[in-house]
Every structure is written in structure tokens, then in C-alpha cells.
Amino acid sequence: MLINVPETVVADALRGMAAAHPELVVDVENRVVVRRDAPVAGKVALLSGGGSGHEPLHGGFVGPGMLDAACPGEVFTSPVPDQMVRAAAAVDSGRGVLFVVKNYTGDVLNFRMAAELAEDEGVQVATVLVDDDVAVTDSTFTAGRRGTGATLFVEKIAGAAAEEGMPLERVEALARQVVAGSRSFGVALSACSTPAKGGPTFELPDGQLELGVGIHGEPGRERRGMMTSREIAEVALEAVLEDLPPRLPVLVLVNGAGATPLLELYGFAAEVHRVLDERRVPVARTLVGNYVTSLDMAGCSVTLCQADEELLRLWDAPVQTAGLRWGR
Amino acid sequence: MLINVPETVVADALRGMAAAHPELVVDVENRVVVRRDAPVAGKVALLSGGGSGHEPLHGGFVGPGMLDAACPGEVFTSPVPDQMVRAAAAVDSGRGVLFVVKNYTGDVLNFRMAAELAEDEGVQVATVLVDDDVAVTDSTFTAGRRGTGATLFVEKIAGAAAEEGMPLERVEALARQVVAGSRSFGVALSACSTPAKGGPTFELPDGQLELGVGIHGEPGRERRGMMTSREIAEVALEAVLEDLPPRLPVLVLVNGAGATPLLELYGFAAEVHRVLDERRVPVARTLVGNYVTSLDMAGCSVTLCQADEELLRLWDAPVQTAGLRWGR
Amino acid sequence: MDAVLDGGFVVRWLTAAAGLVEREAERLTELDSAIGDADHGANMQRGFAAVVKTVDTRPPGTPGAVLIAAGRQLISTVGGASGPLYGTLLRRAGKSLGEAPQVTVGELQTALRAGVKSVQELGGSAPGDKTMLDALVPGVEALATSFEAAAGAAEQGARDTVPMLARKGRASYLGERSIGHQDPGATSSALLFAALAEAAR
Amino acid sequence: MDAVLDGGFVVRWLTAAAGLVEREAERLTELDSAIGDADHGANMQRGFAAVVKTVDTRPPGTPGAVLIAAGRQLISTVGGASGPLYGTLLRRAGKSLGEAPQVTVGELQTALRAGVKSVQELGGSAPGDKTMLDALVPGVEALATSFEAAAGAAEQGARDTVPMLARKGRASYLGERSIGHQDPGATSSALLFAALAEAAR
Ligand SMILES: Nc1ncnc2c1ncn2[C@@H]1O[C@H](COP(=O)(O)OP(=O)(O)O)[C@@H](O)[C@H]1O
Ligand SMILES: Nc1ncnc2c1ncn2[C@@H]1O[C@H](COP(=O)(O)OP(=O)(O)O)[C@@H](O)[C@H]1O
Ligand SMILES: [Mg+2]
Ligand SMILES: [Mg+2]
Ligand SMILES: [Mg+2]
Ligand SMILES: [Mg+2]
């Protein structure tokens with residue numbers, strides 16, 4: 001691994017972010033990344049965070065049109081409430097803060113504690129849980145569906161809404177609409193290695209796939225022998241569309257897990273489009289790249305988000321972050 | 001690998017690009033990627049290309065402010081002249097075409113043939129060879145230094161110059177200035193696997209590094225046992241600065257080989273900055289990410305480019321491509 | 001069961017816990033890599049190292065104050081699911097002890113029971129879900145007998161998670177595949193009771 | 001050495017070459033992965049498959065026309081260093097043969113010599129640089145004796161690249177480390193001469 005020692009991986013990365021992105025305020029000691037012009041007067045603030053190892057999520061999505069602040073935890077470990085409390089204080093303009101939280105027990109608990117503490121300090125907080133991963137069925141007997149690729153859609157669309165000056169309730173409602181309309185499915189072609197472990201966190205023999213893998217290498221639905229890109233697209237979309245048949249044009253995220261070459265990812269995007277065409281699912285926009293990664297895992301995921309006119313407009317709105325940029 | 005069959009990898013990826021990027025014209029059959037508004041009246045056109053497997057280079061750099069066209073070859077194999085001839089015809093507005101060619105025998109020969117054929121068809125062609133890799137000493141007894149990360153600087157800066165309406169000679173001169181002022185050094189932490197080979201193209205035992213590796217896995221200066229991120233930054237910058245001590249502020253590219261997590265890459269960027277600070281090398285801009293990749297190789301490279309006021313202005317100028325975007 | 005415990009005892013307990021966590025970190029991570037995300041060892045190590053630092057640098061306090069400070073520190077340092085849960089366990093137990101400079105084992109048991117209840121509420125979980133509760137609950141109950149009995153019961157509780165189906169936390173994603181693995185959080189909870197017995201020896 | 005060769009002979013030659021390349025593709029890639037980028041097998045396969053398709057679908061032509069078409073096809077299909085070099089070899093040889101419907105072996109030798117010279121010019125390379133030239137040059141010279149002799153000489157030339165230090169192409173980056181490996185391009189050149197002998201049998 002390209003590291004110094006496992007203990008400083010997150011701090012080292014934050015120093016690098018600070019060096020490369022003068023448009024961000026990076027508090028390395030307290031692990032908070034904030035857009036330089038925060039708090040933005042009159043604007044609802046968006047705050048997210050989670051375990052590190054999914055970059056550019058979340059720090060790479062801080063900036064105009066998306067997040068106001070991000071709180072990175074240790075690798076694959078949710079951040080602690082102190083980070084979110086500090087970040088919320090830094091970005092709140094008085095119009096409230098929306099916490100965007102991926103549905104993992106650790107994130108849920110730490111953000112919940114942070115929300116209580118921040119509210120004690122007079123910050124108005126709303127929280128939206130992202131739970132798009134259809135590989136894990138939503139049931140009262142589990143921690144519920146995991147949050148994965150839809151996080152990007154939520155952060156982008158709610159971020160644009162906040163940028164337009166919408167009030168907290170409206171920004172929150174839009175974020176919930178995105179969550180309700182989004183589903184994901186991921187596949188691992190190799191395990192990922194965490195610095196702390198120094199090796200793969202799970203065993204995946206060469207030539208085997210984990211269908212429905214989570215972004216921390218959590219197990220999925222089943223293991224299979226190698227499949228073609230085409231077959232993987234079919235299985236992933238079958239799972240996604242079965243869970244939520246779309247009635248609107250979709251935003252498509254073809255996401256790389258980290259170690260899958262962009263060349264292969266674009267090839268996979270072609271198959272995703274082919275399957276969607278065959279099933280007569282209209283595609284409004286497609287984003288291809290490594291956005292919600294799992295360190296050095298090889299693999300991919302597909303997220304579909306049903307987008308009405310308003311969501312589409314907010315998706316197309318300008319965004320200026322390290323990891324996602326378009327418009328003016 | 002996330003592929004169908006090795007034979008269709010490049011065509012599949014181009015279909016995916018076409019699906020995801022309506023702002024590009026992707027000719028899958030003839031393997032040419034062109035910006036949709038080409039030829040742009042009154043503008044010198046920039047054309048590049050090379051073996052596939054280095055994405056987003058080059059197709060991901062087609063768009064306003066950068067390339068007018070890219071010609072992807074087979075994986076790690078330079079494109080054929082027919083592609084460049086066709087692309088040149090598609091993008092030439094009458095003000096000439098600059099070929100940006102990485103210094104590999106295959107690219108040099110195929111682009112040279114293409115230039116002759118295109119000139120026969122009345123297109124004015126200038127060619128700039130990019131040869132920034134200090135791992136290979138420039139000598140008449142080798143094919144010369146390889147072209148790596150500086151390609152991004154050349155394409156961005158010459159692209160901005162062309163966008164401003166500068167004539168071919170001036171765009172070419174700026175491109176040469178970038179080449180002359182740029183040096184790179186790369187390190188592999190693992191080998192890369194090509195679809196055709198179905199496995200690693202070279203042997204790199206776990207815990208070993210190839211210092212000075214090329215972007216196709218070409219061997220470098222030496223092999224060593226594992227080093228820290230800090231030590232790698234020192235070795236890489238030592239090699240770069242020894243070859244070309246900077247007398248101007250530098251643009252820094254901290255580039256990922258493909259499978260190195262962005263988290264680690266940012267940590268490496270921090271070390272790069274630390275070493276540059278210690279050596280009193282002023283840094284003007286830093287770009288961190290996977291831009292000139294080697295499929296699924298783990299590793300990184302550093303490129304420094306000496307930038308005077310004009311180069312800096314052109315670097316900061318707007319760019320709108322799939323792989324690099326900023327400004328308006 | 002009328003031994004009287006002071007703040008120093010609680011400090012010795014937490015210090016012993018930090019030692020055991022340090023020693024067993026790799027095993028905790030190994031267990032977490034089977035049914036979780038391979039960070040439980042690092043999480044506990046980071047948390048208890050910080051706890052020791054906190055209680056060592058603070059003026060010695062009441063048992064309740066020490067537990068509250070330790071719980072806060074865990075919440076501020078660990079992250080993940082275990083940080084808020086263990087943090088709440090200790091903080092709630094500390095609050096329940098109030099400001100008494102010395103407490104009985106019975107009072108400690110009552111306090112820990114309150115702590116465990118808060119863990120259940122926060123986690124929305126119950127014994128049998130294959131979590132830390134499966135070691136915490138029997139451990140706290142066996143305190144009525146002795147520290148050693150509590151350590152044994154918690155250890156047994158951790159082992160009993162092996163055949164369970166996980167319903168909470170990250171392991172729940174595995175469904176049937178969680179069966180046959182010992183829960184990492186239950187395992188670290190057993191270490192807390194082993195440390196308690198160690199401090200009492 | 002007065003056998004007379006027509007366009008059909010050249011087609012048989014190129015078809016045999018395609019067969020050998022197909023059979024040996026993996027070995028060519030293996031050699032290229034030692035000192036290059038592991039694509040020489042795929043490059044040659046793609047190129048010669050296209051060549052066979054071209055010469056099969058065109059009306060039969062003169063030896064020169066067939067070679068020119070084949071060379072063009074290689075240039076348009078292969079890419080890499082070997083595409084322009086082999087393409088130029090055949091194209092230049094074809095041009096040198098002019099429009100004669102039949103040619104002697106001596107004329108073919110002269111033509112190939114011209115082709116090899118163009119390869120040297122295009123590649124800026126010379127025999128001894130550890131490239132295809134090290135098989136092409138002895139192969140062409142031995143044509144004065146027989147097709148079989150040419151095949152043997154090219155094969156020997158390829159083997160002789162093993163101890164050489166690469167000075168051109170991708171292998172030159174290896175410097176001293178290129179020593180001890182046989183050059184992939186020289187190896188495929190030997191196949192071309194083996195195919196020539198096969199076609200003549
Ligand atoms: N809802 C819950 N209630 C009680 N304990 C839980 C719950 N969720 C997780 N745990 C405990 O936390 C442990 C995992 O802790 P850790 O690995 O540190 O956090 P994370 O799961 O966030 O990576 C599990 O083994 C389990 O004992
Ligand atoms: N300058 C040159 N002159 C002659 N032959 C060369 C030259 N450069 C490369 N070659 C030949 O080309 C072969 C490599 O071909 P190939 O692998 O298909 O292309 P690439 O090197 O572009 O991947 C080498 O083994 C060598 O024989
Ligand atoms: Mg965790
Ligand atoms: Mg090649
Ligand atoms: Mg865990
Ligand atoms: Mg090659």
C-alpha cells in the first residue's frame with residue numbers, strides 16, 4: 001500500500017486534500033472538511049460523512065452545489081459525533097443543517113448523537129438516511145438496506161436545492177424523494193484491503209464474484225464463477241428493477257469500486273444501457289466513474305434514480321467540488 | 001475482469017462513452033472520439049491518441065479547452081494511421097492540427113504515417129512528442145524517454161491556447177515548452193493485467209516496488225522492498241528534480257496508476273508537497289487523481305511542469321471534458 | 001458482595017480493559033472480518049487507549065465521574081457502531097452511580113444494568129440478536145455472584161453467539177451466513193468483564 | 001534459384017504466415033511480456049488475420065500487388081511498432097516488384113532487401129539492436145541459397161537476439177535487463193521466413 005503507517009492514513013490524506021484544494025478548509029486534527037465560503041448566508045447547509053476509503057465520497061463532494069462539510073472517519077469506520085458537531089457549527093447560517101447519512105449502524109448512531117448535541121447548541125438539524133442497496137432486503141430483522149451509490153444523487157440534488165435557497169424542509173423532502181426513488185446493486189471481482197488489516201478483508205478466490213457486495217466488502221446475495229460484463233449488468237439491473245420498477249426516466253450511476261479500470265467501467269456502462277434499452281427504461285443522464293469506492297476493490301455498482309423534471313434540473317445544476325464538477 | 005471478451009474491450013468502452021457523453025461524437029467502428037462541435041471555426045485542432053488502458057487519457061480529455069479528437073488503439077497498442085487521418089479530417093477547420101504523441105516507437109511511427117497521409121489530403125499537421133519520464137535516460141541508444149503524465153499538461157495547456165485562437169505555430173511552441181519543462185517518475189506497487197493476457201503482464205512479488213515503472217508496466221530503474229509513501233515521494237522527486245531543477249513555480253500532477261485508492265493518493269500528495277516545501281520548490285497548482293492510468297496497476301507517479309505566467313493562465317483556463325473539468 | 005469500590009478501582013478496571021483489548025485486538029479484527037468490516041480491533045484499541053489517557057490525566061474522581069469521562073471519551077474517539085454503544089454503556093452507568101465516592105458491587109451492577117438498557121434502546125437490539133448484548137446481559141447478571149462469575153458468564157455469552165443468526169449491525173447483512181461465527185462485540189464485552197475480575201483480584 | 005513465383009504463391013505465403021502466427025501467438029506475447037508490453041502475439045494475430053481476409057477477397061493479383069495490399073492492411077490493422085514496420089516491409093517489397101505477374105526468387109530477395117532497408121530507415125534501427133532486423137537481415141541474405149536456408153537463418157537470427165542489449169523499441173527501456181530474452185519481433189520475423197519455406201514446399 002502507498003501509505004506511511006496505518007494509523008496516519010486518514011490524517012495524511014487530509015493533509016493532501018488541504019495541499020491540493022485551496023478552495024476547501026481542511027481541519028486535519030479535527031477531521032472536518034468545509035467549503036471555504038461557509039457559512040453561506042441564507043443557505044441551508046448540507047453535511048455528510050462516513051468511514052474513509054470511499055473517496056471521493058464524501059470530502060470530494062464538498063463545494064458549491066453539493067456539501068458544505070464532510071466528516072471522514074477512520075477507514076470503514078463512521079466518524080465520531082464531535083466531528084459533526086464541529087462541522088455543523090462551522091456551516092450553519094441559521095437556516096439549518098441537513099445530515100446525509102448512509103444507513104449503517106455506526107453512522108446512524110454517531111450522527112444521531114451529533115444531531116442531539118448540535119441541537120443543544122441551537123442548530124436546527126434534519127437527517128436523511130440513504131438506503132438504496134437492494135442486495136440487502138429491508139426488514140426489521142436486519143439493520144436495513146445499506147446506503148451506497150444513491151448518496152451521490154442525494155448530495156448532488158439536495159445540494160443544488162440548498163444552493164437555490166430552498167428551506168430546510170424542502171431540501172430534506174427532496175433528499176427523501178431521491179432516496180425513495182433510488183436503488184443500487186454492487187458486484188465485487190476482488191476483495192479490498194484495509195491498511196489496518198494489511199491484506200484483504202474477505203476471501204474471494206480468483207475467478208469468483210460476490211454479487212450484491214457492500215461498499216465495505218460486506219457479503220452480498222451469493223457467490224458465482226466469473227461472468228461477462230453483459231451478464232453482470234443483467235443480474236444487477238434485474239435486482240434493481242425488481243425492487244423498484246421505474247415510472248420516470250432514470251439517472252444512472254455506473255460506479256467503479258476502485259480498482260476496476262475506467263476502460264472496463266465504460267464497457268460495463270454500455271451493457272447497462274443495452275439492458276435498460278431492452279427493458280424500455282428511459283435514461284435521462286449517465287455518470288460513469290469511481291465515485292463511491294471501496295479502497296482497492298475491483299468491481300462495480302449500478303444505481304438508478306427516478307428523476308422528475310425538478311430532480312433533473314437540480315442534477316444538471318452547477319457543481320464545483322473536487323470529485324464532481326460541471327456547469328458554471 | 002469486468003469484460004465480455006478481450007477482443008471487444010475497446011469497442012465496448014467506446015459504446016459506453018457514447019452512451020454516457022452525448023457531448024462527444026464516438027465513432028465506435030473507426031475508433032475516433034470527436035467533440036460534437038468540431039470542426040470549430042478558426043481554431044487549431046488538437047488530436048491525440050495511443051494505446052487504450054490509460055483512461056481517462058485520451059478520450060476523456062476530448063472537449064472544449066482540451067482535445068478536439070482522440071484515437072484509442074487496442075489495449076497498450078498504439079492506434080493505426082487510418083484513425084488519425086479520419087480524425088484529422090473531422091476536426092481540421094483549416095487552421096491546422098497538432099498531433100500530441102507520447103514517445104513510444106509504435107505511437108511515433110503510426111502518427112508519423114498519419115501525418116504524411118493527412119498532409120497529402122491537405123491538412124496542415126504539426127507534431128509534438130511528449131517525453132517526460134526520467135526513469136529512462138534519454139540517449140541515442142534507446143527509444144528515448146517515455147511519455148507519461150506530462151501528456152495531460154500538454155493537452156490542457158495547448159488545448160487552452162488553441163481555444164484562444166492562437167495559430168498552429170504558437171500552439172505547437174507552447175506544447176513544446178510544456179514538454180521541455182516537464183518531468184515524471186512512476187512507481188508500481190503491483191503489476192497490471194491486460195485483457196488479452198488475462199493476467200499480470202509482469203511479475204512483481206507482493207511487498208516489492210518497481211521504481212521508475214512505465215505506464216504499460218515497462219520496467220524501471222530498480223526493484224526494492226516496500227517503502228513508505230514518504231520515501232517514495234523522496235525517491236520520485238529526487239529523480240525528477242535532478243533531471244530538471246525547476247526555476248519557476250511548478251504544476252504538480254499526483255497521478256494514480258489505477259488501483260491505488262484515492263485515499264492513499266491524497267496521502268502521497270501530502271508527502272510530495274512536504275518534499276517540495278523542504279526543497280523550496282514553489283507549487284502553483286496541484287492535481288490529484290487517476291488521470292494517466294495503467295489498467296489495474298497499483299502505484300502512482302509524480303509529474304512536475306514548470307509554469308510561467310502564460311502557462312499558468314492557460315492551465316487555469318476553462319476545460320470541459322469527461323475527465324477534466326473546471327471553469328466555465 | 002459488600003466490597004466497596006472507589007474511583008481508583010474503576011481506573012484500574014479500565015486500564016486492565018485497555019490491556020486486554022490491546023492484546024486481543026487482532027483476534028477482534030479477525031472476528032469482525034468474518035462477519036463485519038474488520039475494524040473492531042482497531043476501534044477498541046483506539047478507544048481504550050484514549051480512555052486510559054483521559055482517566056490518567058484527570059484528577060482522580062468518583063466511580064461515576066470516571067465512568068462518565070470514559071464513556072464520553074469512547075464516543076469521541078471510536079466511531080463505528082461500538083463507539084456510541086460502549087460509550088453509552090459507561091456513561092449511563094456512571095450517571096446512575098451519581099456522585100458517591102464509593103459504591104458497592106450491587107450498586108455497580110444496578111448501574112451497569114441501566115447502561116445495558118440504554119445500549120438496547122440506542123441499538124434497537126435485544127439479547128439473541130448476536131451482538132455485544134449477548135455477553136453484556138449475562139455478565140451483568142452474574143455480578144450478583146462474583147466478579148469471576150461475571151467474567152465467566154460474559155465469556156460464555158460471547159461463545160453462545162456462534163450459532164446465532166445476526167439481526168443487528170453489519171453482521172445482519174450476512175443473514176444465514178452469519179451463523180457459525182462469534183460476534184466481535186460480544187467478544188470485546190467479555191474482555192470488559194475479564195478486566196473487571198482482574199481489577200478486583 | 002530460378003523458380004518462378006506468382007501472386008498465388010505470395011497468397012499461400014501470407015496464409016501460411018497467418019497460420020504460424022496464430023499457432024505461436026501465445027509465445028510471442030510471452031516473449032513480449034518479458035521485455036515489452038505483452039501484445040505482440042495479439043498484434044500479429046490481428047494483422048495477419050486481416051491480411052488473409054484481404055488477399056482472399058481481392059481478385060488474385062501480381063506478387064507486387066498482393067504484397068502492397070498486405071502491407072497496407074498491416075498498417076491499417078496492427079498499430080504498435082510492428083504494424084508500420086511489417087507493413088512497410090511488405091509494401092516496399094511489393095513496390096519494388098512492380099507489376100510483373102511472375103518473379104524469380106532473386107527478384108523477391110532484392111525486393112525484400114529494399115523492404116528491410118525501409119524498415120531500418122523508418123525505425124532508425126540497425127542489425128544488432130535486438131529487433132526484427134536481426135532475423136530479417138540474415139533471412140533475406142540466405143534466400144540466395146534456398147527458402148529452407150532462409151528459414152533457418154532467420155530462426156538462428158532470432159535466437160541470436162537473446163544475448164543482445166536492446167537499443168530500440170520498448171525493450172530498450174530495460175537496458176541491461178533486456179539481455180537474456182529473445183526479441184519478440186525477431187521471433188515473428190523468423191515465422192515469416194518459415195512460412196515462406198512452407199509455401200515453397
Ligand atoms: N444495533 C446494535 N446493538 C447492539 N450491538 C450492536 C449493534 N450493532 C452492532 N453492534 C455491536 O457492534 C459490534 C461491531 O462493532 P465495530 O466493528 O466496532 O463497529 P462497526 O460495525 O460499525 O464496524 C458488533 O459485533 C456488535 O456486537
Ligand atoms: N525501431 C525499431 N526498429 C525495428 N524493429 C523494431 C523497432 N522497435 C520495435 N521493433 C520491433 O517490434 C517488436 C515489438 O512489436 P509489438 O510488440 O507488436 O509493438 P509495441 O512494441 O509497440 O508493443 C520488437 O520486438 C522489435 O522487434
Ligand atoms: Mg466499521
Ligand atoms: Mg504495444
Ligand atoms: Mg466493524
Ligand atoms: Mg509489444
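In what follows, chains are A, B, ... by sequence order, proteins preceding strands, each numbered from 1.
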Scored by heavy-atom pairs under 4.5 Å with chain B, the best of D/Ala34, D/Gly124, D/Ala42, D/Gly169 is D/Gly169
For atom CD of D/Glu26, is the number of surrounding heavy atoms from other residues, nucleotides or ligands below 6.0 Å larger than 12? no
Against chain D, residues from residues 100-117 of chain B with at least one heavy atom under 4.5 Å, in numeric order, are B/Asn103, B/Tyr104, B/Thr105, B/Gly106, B/Leu109, B/Asn110, B/Arg112, B/Met113
CZ (B/Phe76) and CG (D/Asp39) are apart, to the nearest 0.5 Å, by 9.5 Å
Check: So does B/Asp206 have more than 12 non-hydrogen atoms from other groups sitting under 6.0 Å from CG?
Finding: no
Answer key: most heavy-atom pairs under 4.5 Å with chain D among B/Glu7, B/Gln83, B/His216 is B/His216
dist D/Ile35:CD1 -> B/Glu218:CD (nearest 0.5 Å) comes out at 12.0 Å
So, the part of D/Thr88 with a heavy atom under 4.5 Å from chain B: the answer is side chain
- request: Assess whether atom CZ of B/Arg15 is packed by more than 12 heavy atoms of other residues, nucleotides or ligands within 6.0 Å.
  value: yes
On a heavy-atom basis, the closest approach of B/Asp82 and D/Ser76 is OD2-OG, 2.8 Å
Closest non-hydrogen contact found for D/Gly80 with B/Ser78 is N-OG, 2.8 Å
For D/Thr77 and B/Val80 the tightest heavy-atom approach is C-CG1, 3.7 Å
Is it the case that more than 12 heavy atoms not belonging to D/Arg72 sit under 6.0 Å from its CZ atom?
no
Looking only at heavy atoms, the pair that brings B/Ala143 and D/Ser172 closest together is N-OG, 3.0 Å
Next on the checklist: Any heavy-atom pair between the side chains of D/Arg46 and B/Thr77 that's under 4.5 Å?
Outcome noted: yes
Note: vs chain B, highest number of non-hydrogen pairs under 4.5 angstrom among D/Ser125, D/Gly123, D/Ser33 is D/Ser33
Interatomic distance, NZ@B/Lys197 vs CG@D/Asp37, rounded to 0.5 Å, equals 11.5 Å
Q. With a 4.0 Å cut-off, would you call B/Glu210 and D/Arg177 a salt bridge?
A. yes
